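The next block holds one structure in the form of structure tokens; read it before the comments.
These numbers were taken from a predicted model, which means no experiment stands behind them. In what follows, every chain begins at residue 1, and chains take the letters A, B, ... in the order their sequences are listed. The figures that follow rest on heavy atoms only: side chains count, while hydrogens, waters and symmetry mates do not.
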There are 2 protein chains.
Amino acid sequence: MARKTGSHSEVTGPKVRQAASTLFARHGYAAVSMRQIAAEVGVQAGALYLYTPDKQTLLFDLMRQHMQDLLGAWQDCAKGTSAIEQLEAFVRFHIGFHLERPDAVFIAYMELRNLTAENFAVIEKLRKQYEDALENILRNGLAEGEFSIPDTKLAMMALIAMLTGVNTWFREGGRLSRRKVEEIYCDMARKAVVG
Amino acid sequence: MARKTGSHSEVTGPKVRQAASTLFARHGYAAVSMRQIAAEVGVQAGALYLYTPDKQTLLFDLMRQHMQDLLGAWQDCAKGTSAIEQLEAFVRFHIGFHLERPDAVFIAYMELRNLTAENFAVIEKLRKQYEDALENILRNGLAEGEFSIPDTKLAMMALIAMLTGVNTWFREGGRLSRRKVEEIYCDMARKAVVG
DNA sequence: GTCTATAATTAGATAGAC
DNA sequence: GTCTATCTAATTATAGAC
């Protein structure tokens, strides 16, 4: 299909989101200007507005896409019959998925306060769905008598914080392989909730 | 001691840091203007520069003070002879200290990337000192044969992330008391590392 | 689809009056 | 010690040429 010279809609759109993701993660949403994003993409600032109505929507779309990817990937990955198996699957999935996209994860956790109230509500709802997935596993384990936890919500929060923390220190090629880290965290998570 | 009308050095200085702390925590360093801080204090923007050479130093001083408070408080609070006792003391201390000052904690974790390279290095050094305190407890427990952890640094990171996460969801007057939360986290932390 | 130019606003920081 | 006024630079977003 013929295309005019200088017509790059299908390539520039993704490049804009990619550049915004990198820069927002590195410097923070409020500290990054549309001009910086444009420079990273290789266009002028005005051209960005062909791909997003404004800066806020650019942030929101990145965060919503990330949360939807997260939920979709977990639905495809969830497995295990016993609660312990399900918990181990969740731990490995969470660490692996988050280490794959550190920028998106960083933005999803750090830029919540820069969302408008409406956008924040949407993201929080998606986040809650993900948290519910883990909490249901913990509830199952409690019902099966395999887990010993006084409060499923609290244990869920403790586990998610612990797992997400891997992103702050893990470096590929470091002392421990990703698989080894997953294994150690699996052990700690299991021991923390098993009675 | 006589003092001129309108002379409020000793009261305005702390008010500036207090206002900056509140606003930085709520909206983020980059999103807060010196004019907003001045309005919160009740002075004009220019007057802020009597108390800080610039906005960056204001952020840095807040973060350094927080880290020094943290280290000092732990030194006064550390106790326990066995590694398990020391671990429990650390868990209770960490949760209690962090819940006491949510704004300072939030800033210390979220605004690292807005520090200049020099200032960042100072804060990181202080943070490392605190992490070392927990890692030493874990090493002791390993030497005593009480703990079963394949890697002390990884376990330290996992525990600190888990404990600091309390700040993201705990609300005074909620379903669980602070003491109850400390108790449950103590159990989870102990179970996660005890062999 | 992109650029240039620009409007309207706001930022951090300083000077000098009081 | 604080205020008013201001400088310089940067911001988001838009209009119109090509």
Exercise: identify the closest heavy-atom pair between B/L87 and B/L134: CD1-CD1, 4.0 Å
Electrostatic pair A/D151:B/R175 at N-O distance under 4.0 angstrom: yes
Below 3.5 Å, can you tabulate the donor-acceptor pairs from side chains in residues 18-25 of chain A to any protein atom, sequence neighbours excluded?
{"from": "A/Q18", "atom 1": "NE2", "to": "A/T22", "atom 2": "OG1", "distance (Å)": "3.1"}
{"from": "A/T22", "atom 1": "OG1", "to": "A/Q18", "atom 2": "O", "distance (Å)": "3.0"}

Hydrophobic cluster identity match, B/I160 and A/V91, side-chain contacts under 4.5 Å: yes
OP1 or OP2 of C/dT2 under 4.0 Å from side-chain N/O of A/T12: yes
Given C/dG1, C/dT4, D/dT2, the nucleotide with the shortest approach to the side chain of A/Q44: C/dT4
Nucleotide D/dT4, atom C1' - distance to CG of B/L48 in whole Å: 15 Å
Rounded distance (Å) that lies between atom C1' of D/dA10 and atom CD1 of A/I37: 15 Å
List the atom pairs, donor and acceptor, that lie under 3.5 Å between side-chain atoms in residues 43-54 of chain A and the rest of the protein, sequence neighbours left out.
{"from": "A/T52", "atom 1": "OG1", "to": "A/D54", "atom 2": "O", "distance (Å)": "2.8"}
{"from": "A/T52", "atom 1": "OG1", "to": "A/L58", "atom 2": "N", "distance (Å)": "3.4"}
{"from": "A/D54", "atom 1": "OD1", "to": "A/T57", "atom 2": "N", "distance (Å)": "2.9"}
{"from": "A/D54", "atom 1": "OD1", "to": "A/T57", "atom 2": "OG1", "distance (Å)": "2.6"}

Polar contact flag, side-chain donor to acceptor under 3.5 angstrom, B/H94-B/T164: yes
Heavy-atom protein contacts under 4.0 Å, nucleotides 11-18 of chain C, coded B base, S sugar-phosphate only, - none: SBBB----
